[in-house]
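Just so it is clear, the values below take in all heavy atoms, side chains as well, and ignore hydrogens, waters and symmetry mates. Remember, predicted model here, so these are calculated numbers, not experimental data.
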2 protein chains.
Amino acid sequence: MPTVSSEELAAAAGVNSAKLRKDFSYLGSYGTRGVGYDVEYLVYQISRELGLTQDWPVVIVGIGNLGAALANYGGFASRGFRVAALIDADPAMAGKPVAGIPVQHTDELERIIEDNGVSIGVIATPAGAAQQVCDRLVAAGVTSILNFAPTVLTVPDGVDVRKVDLSIELQILAFHEQRKAGEESAAAAADGAAAPAARRTPSTDQGPDGDVPAVMPA
Amino acid sequence: MPTVSSEELAAAAGVNSAKLRKDFSYLGSYGTRGVGYDVEYLVYQISRELGLTQDWPVVIVGIGNLGAALANYGGFASRGFRVAALIDADPAMAGKPVAGIPVQHTDELERIIEDNGVSIGVIATPAGAAQQVCDRLVAAGVTSILNFAPTVLTVPDGVDVRKVDLSIELQILAFHEQRKAGEESAAAAADGAAAPAARRTPSTDQGPDGDVPAVMPA
DNA sequence: CCATCTTTGTGCACGCGTTCACAAAGACAT
DNA sequence: ATGTCTTTGTGAACGCGTGCACAAAGATGG
Ligand SMILES: NC(=O)c1ccc[n+]([C@@H]2O[C@H](COP(=O)([O-])OP(=O)(O)OC[C@H]3O[C@@H](n4cnc5c(N)ncnc54)[C@H](O)[C@@H]3O)[C@@H](O)[C@H]2O)c1
Ligand SMILES: NC(=O)c1ccc[n+]([C@@H]2O[C@H](COP(=O)([O-])OP(=O)(O)OC[C@H]3O[C@@H](n4cnc5c(N)ncnc54)[C@H](O)[C@@H]3O)[C@@H](O)[C@H]2O)c1
């Protein structure tokens, strides 16, 4: 029976092993003391808890540059998401296939969502149309929205919105970059002539977690 | 002189006003008691602290579906980012303009970064090529990377990586969705027949912040 | 069956960000 | 000037996630 210890997993993920064990304990995933966790069982438990065992139909609204890229992206299917429909307001696009799926007109939005039991919607329209599209999605029964438009969406209680703002991602990088530049004086003598030597532990914290350090007065 | 109070800003942003005031106090942004904050001065202070006053040259590597969408995206320029170059390994793409910018071959990568003083790179290549591209970017002097490939990148200390994993965004939504479904019994009598009534406060927390609730034993 | 060794599960303490609550500051009217 | 009224700035309390440290569990070998 293939097993892993919390220590091994923690090292691979770059996190503390105690945290990892405690998280697992919440799932009720029992490991075996002295041995570790049964890999297969662990994977199953986590998948189930995360909702990866069922597949979720999603609709993408706004098939422009970004929407088309998303439609073409194979990474969704492999994680249990199925693109149920592509929707765009442009009549010229109706019927035209993108990634093998014919684009449907916005008029069909409500019917599509109902017919397919869609509860997750992706908004990739221009910012100006986002709220309006959002309202229609919600009215039709969608309760989770992934929003790429640079707008704060207003939704009723019970509806989840996640906003992906790529500009902000870059801004966070730029912010840190600026910080680095400001530390030239202190760090100057510490590193020698560049030569990015290999560091073979994955860098901790490369997720979109809120990790902008507090801005203390310098 | 146009001003805003912390209370107004907090309501608009959906956060606590005290937090907002405390955050501002770290910037040294002095408001006027009894009045609020001078809008113009506040915007300037925040912009400066966030690094929005200078513009940052960025390179995008991997001009496929996603890379092309990013290149076409106007939202970057408006936040002070300038696409210095588009880079792809496919010889067939070299010279072909995307979003008005000619694609350059990977061979030019080091030269481009050096010539333009680029410190921020965007990786939109397939997962298999990401680490290799990352290594070259870092070796050439890039110290901040926005990674769209579904891989954990290994980088030397001093280099920041932000990973944008769209599948995970969907997974988080699906996770919450699953939770909602599990609460049917308790919430059944509480809401009546749907009718998503307008709630005119922007929903708190729609950012990609780590906000997955602890998974307590049910 | 007992001893030893590994690894889990978790109580507890620490640190940090959030929120409360209020004194002080300043605008504005009288 | 003086008083009132609004809003800031911040000390202190709170809550929560993280990490430490260790007892208990169980495997494994003698
Ligand atoms: N392209 C990017 O890399 C990128 C990055 C970050 C954010 N965004 C945001 O994503 C959104 C889309 O970007 P894009 O580059 O694909 O834009 P785009 O103009 O290429 O595509 C927008 C699409 O939405 C459709 N549309 C417009 N109104 C609609 C409506 N009411 N209902 C349905 N469809 C409608 C248009 O017909 C068009 O096909 C924008 O809000 C943009 O700010 C894009
Ligand atoms: N399309 C999406 O919506 C989406 C969403 C999430 C994540 N991603 C990820 O983003 C990446 C790109 O996705 P895509 O859909 O644009 O793929 P794509 O295949 O359309 O584009 C990849 C591009 O990278 C180029 N490339 C390959 N190796 C390279 C190298 N070593 N150096 C430079 N360029 C190289 C290819 O020539 C191609 O143009 C993938 O890792 C994918 O998993 C994409």
Distance in angstrom units between [X] [atom1] and [N] [atom2], rounded:
X: A/Leu9; N: C/dT8; atom1: CG; atom2: C1'; answer: 13 Å
X: A/Met1; N: D/dG26; atom1: CE; atom2: P; answer: 13 Å
X: B/Tyr26; N: D/dT8; atom1: OH; atom2: P; answer: 17 Å
X: B/Tyr30; N: C/dA24; atom1: OH; atom2: P; answer: 17 Å
X: A/Asp23; N: C/dT10; atom1: CG; atom2: P; answer: 13 Å
X: B/Leu20; N: D/dT10; atom1: CG; atom2: P; answer: 15 Å
X: A/Glu8; N: C/dT7; atom1: CD; atom2: P; answer: 8 Å
X: A/Leu27; N: C/dT10; atom1: CG; atom2: P; answer: 12 Å

Task: Qualifying salt bridge (charged side-chain N to carboxylate O under 4.0 Å, His left out) pairs, either residue in residues 120-132 of chain A, two or more places apart - done: none

Open item on the list: Enumerate the salt bridge (charged side-chain N to carboxylate O under 4.0 Å, His left out) contacts for residues 61-84 of chain B, please, sequence neighbours excluded, ordered by first and then second residue.
Closed with: A/Asp165-B/Arg79

So, using salt bridge (Lys or Arg N to Asp or Glu O under 4.0 Å) as the criterion, who are the partners of [X] when residues are at least two apart?
X: A/Glu8; value: none
X: B/Asp160; value: A/Lys180
X: A/Arg136; value: A/Glu110

TODO: Answer yes or no: is there an ion pair linking B/Arg179 with A/Glu49, defined by an N-O contact shorter than 4.0 Å?
DONE: yes

Task: Short side-chain N/O contact to D/dG9 OP1/OP2 from B/Tyr37, under 4.0 Å - done: yes

- [ ] State whether B/Ser6 places a side-chain N or O below 4.0 Å from either non-bridging phosphate oxygen (OP1 or OP2) of D/dT8.
- [x] yes

Anything under 3.5 Å between a protein N or O and an N or O of nucleotides 19-23 of chain C, put it in a table, one pair a line.
unit_1 : atom_1 : unit_2  : atom_2 : d
C/dT19 : O4     : B/Lys22 : NZ     : 3.0
C/dC20 : OP2    : B/Asn16 : ND2    : 2.9
C/dA21 : N6     : B/Arg21 : NH2    : 3.3

Open item on the list: Using the side-chain heavy atoms of B/Thr32, tell me which of these nucleotides is nearest: C/dA27, D/dA27, C/dT7.
Closed with: C/dA27

Open item on the list: Could you check whether any side-chain heavy atom of B/Lys19 comes within less than 4.5 Å of a side-chain heavy atom of B/Lys22, counting everything from C-beta outward?
Closed with: no

TODO: Assign B/Phe24 to base, sugar-phosphate, or nothing according to its heavy-atom contacts below 4.0 angstrom with the strands shown.
DONE: nothing

